[in-house]
2 protein chains.
Amino acid sequence: MASIHDVAKEAGVSVATVSKVINHYPDVSDKTRKKVKNAIELLRYRPNVIARGLVTGRSWTVGVLINIPFTNPYVAMLLEGIKTALEDSGYDLMRLSARLNDPAYSFIDHCHSRNLDGVVVFGVEKDHRSIQELIESGIPTMFVDTDATGLRAGNITTDNRNGVHMAVRHLFELGHRRIAYLAGTPGHNVGESRRAGYRDGLEASSIPYCEDYVVNGDFSYDSGIQGMTKLLQLERRPTAVVCSSDMSAFGVIHSIEAHGLTVPGDISVVGFDNIYEAELFKPALTTINQNIHAIGVKSIQELISMIKSSDYPPPVVTEPSSLIVRESTATCADSVG
Amino acid sequence: MASIHDVAKEAGVSVATVSKVINHYPDVSDKTRKKVKNAIELLRYRPNVIARGLVTGRSWTVGVLINIPFTNPYVAMLLEGIKTALEDSGYDLMRLSARLNDPAYSFIDHCHSRNLDGVVVFGVEKDHRSIQELIESGIPTMFVDTDATGLRAGNITTDNRNGVHMAVRHLFELGHRRIAYLAGTPGHNVGESRRAGYRDGLEASSIPYCEDYVVNGDFSYDSGIQGMTKLLQLERRPTAVVCSSDMSAFGVIHSIEAHGLTVPGDISVVGFDNIYEAELFKPALTTINQNIHAIGVKSIQELISMIKSSDYPPPVVTEPSSLIVRESTATCADSVG
DNA sequence: CTGAAAGCGCTTACAG
DNA sequence: CTGAAAGCGCTTACAG
């Protein structure tokens, strides 16, 4: 690889001048500029981003810490959005390992040793030690689905609360009164917002809250199976269940069918996320849509804004959610009216 | 952030000595080593990987070029494998943009300007200009599912040919004789291997090859729908169809059901990939399993071996495939015997 | 065993 | 408008 010295020699100028041409400084004569450009062309010279970063302090690299498997469809869509927003931005994406439970590992040290310009963090809860360190470090940060902020840290999430609220209302309007809720991880930011939405929905429908109808899960398929199994043992089993994720809704449906009942004939089911599979599933899943791709795009756009100007206020953005009605919900069979 | 100079000053030694301690050189007295270690601890010093890379020529960064959306389940699993193998290796992963069709963009320049130690490439066909450039560049490379090699470039893929062969044999043993094939992209390495496997399977079963029973697709859901629609218009429609991907198999099944027929009652369907959804789908999909995670892991392991020693021969590895029988295949109804 | 010096490939005041 | 010099944070012969 040709270096800036080679170009300078070829063009018969100093390296400082070459640097100025590369960086579009105005105070270079057209004649010199042309000579340099020719030399660059001739030698196929490309500036070394690494070396440049050492002196400018900018790496043109954005880190991403994702503490959830890539095979999670939600993660995949988020990454797709991140990728889209990064394209042509000049920034490259670096994945940071997620050894969050290894005390010898420091996420911040990692960011510093790599000179990262900013990071987006997904799937780490607010109270994890590294979150606090990160906020204090002053590295521009966007949290996805984590309710944390700082001088240089913003966050972005879906309107989870209203989403579940809408799901409950939808079921209410179909005549359901015994509406169960398969909750997400307790204490988890997103899980709690959705749980609050469930109560909102009941309240708006004047349905009394009944503890038996709320089962905790962890968003997974398996937790859907387990949760539904419990609900089916209830004396007055629910006629509908709202789930805190599509994956757990699939588990719920599987469990219902394994017990010889049908969806939505006997029990209606609503998911949350609107992952790709929701449409493919049989029955196609009624669910709450999240604009995950948009969240990925915006997280990067906002992050870059923060990187570019140190007084860009760290944003807190909430993306709207929406109800997508498909085949897994229907009028309540034993409607009380 | 403390620099090596700060540590040297704090410890009362030269930066050269600090460097030796960091890099575990043996020729440092225990006393000095201790002083330096204390200073490092005290200042929370972490070496700057970027600066180090500038002088050593190693960035401890591996690039990944993936020319397929992250939302593709296959890509997600591959990444998961890559991630696993990278953990604790000391290498970080950088995603490279895939502006392969932008003539102004050079993938190799990108690798060089980022000082990448090696790259894994997925979803780019052998004849793309950047592949040739990459091979010539001498950057250690592992191609996934692309049949390219070079002095410093190896590849890894699934035994695609035998996979489809097994699928055909499975159907044959169930009594099927009119076995159609929904092919992948023509000219595509993986597509062609699987196509060859189809012919192998017919031959081994003494079934004559019939052109009408082969429809081209591009691995997508939509191409499955379109392909099956064509096949259903045939006078003697097939009793079974082997698909070149699970996604296209889902499309095929959708199309069959849309025509009022059932799977596997009327027509048996086999997929390829064994993505997560294959098991969730109804009917659960009989398919050919690829060890995608293992491919991800091995691609990185081999790449790192190549990086570490310049005479490590570029590997060409084929992962075995296997048949997973589920619910989408059954004995042929109108078996000819 | 220790350190001064050169250098990796750049950029940035600064002097002329 | 141009270039010499210092410096970003490191490592690596080399001399002592």
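Every chain is numbered from 1 and lettered A, B, ... according to where its sequence line falls, protein lines coming before strand lines.
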Which part of the nucleic acid does A:R46 contact within heavy-atom distance under 4.0 Å: base, sugar-phosphate only, or nothing?
sugar-phosphate
Any donor-acceptor pair under 3.5 Å from A:T185 side chain to A:H188 backbone
no
Find the runs of at least 3 consecutive base pairs, i with j, i+1 with j-1 and so on, that include DNA chain D, using Watson-Crick or G-U wobble geometry with both distances under 3.5 Å.
C:1-3 with D:14-16, C:5-12 with D:5-12, C:14-16 with D:1-3
Using ring pair (Phe, Tyr, Trp, His ring centres under 6.0 Å), reason through B:Y74 and B:F122 one step at a time and then give a plain yes or no.
CA-CA 11 Å; B:Y74 186 102; B:F122 177 55; 5.3 Å; yes
Measure the shortest side-chain to side-chain distance between B:Y91 and B:R58 over non-hydrogen atoms and say whether it is less than 4.5 angstrom.
yes
Atom pairs, protein N/O to nucleotides 12-16 of chain C N/O, distance under 3.5 Å:
{"unit_1": "C:dT12", "atom_1": "OP2", "unit_2": "A:Y25", "atom_2": "OH", "d": "2.6"}

Using whole Å, what does the distance between atom C1' of nucleotide C:dA6 and atom CG of B:L54 come to?
14 Å
Of the options C:dC10, D:dC10, C:dG3, whose atoms approach the side-chain atoms of B:I4 most closely?
D:dC10
Among C:dC10, C:dT2, D:dG9, which nucleotide sits nearest the side chain of B:T32?
C:dT2
On a heavy-atom basis, the closest approach of B:R129 and B:Y105 is NH2-O, 3.5 Å
Interatomic distance where NE2 belongs to A:H5 and P belongs to D:dA4 [whole Å]
11 Å
Can you check whether A:S3 has a side-chain N or O nearer than 4.0 Å to OP1 or OP2 of C:dC8?
no
Hey, is the side chain of B:T17 poking within less than 4.0 Å of OP1 or OP2 on C:dC1, counting only N and O atoms?
no
Closest contact, heavy atoms only, B:M1 versus B:D6
O-OD2, 4.3 Å
Would you say the side-chain atoms of B:N291 pair up with the backbone N or O of B:A294, donor to acceptor, closer than 3.5 Å?
no
Does A:S29 put a side-chain nitrogen or oxygen below 4.0 Å from OP1 or OP2 of D:dC1?
no
Applying side chain to side chain contact (heavy atoms under 4.5 Å, CB included) between B:L78 and each of B:I292, B:V297, B:D145, report the one that passes.
B:I292
Checking the side chain of A:T61 only, and the main-chain atoms of A:S59 only, is there a donor and an acceptor separated by less than 3.5 Å?
yes
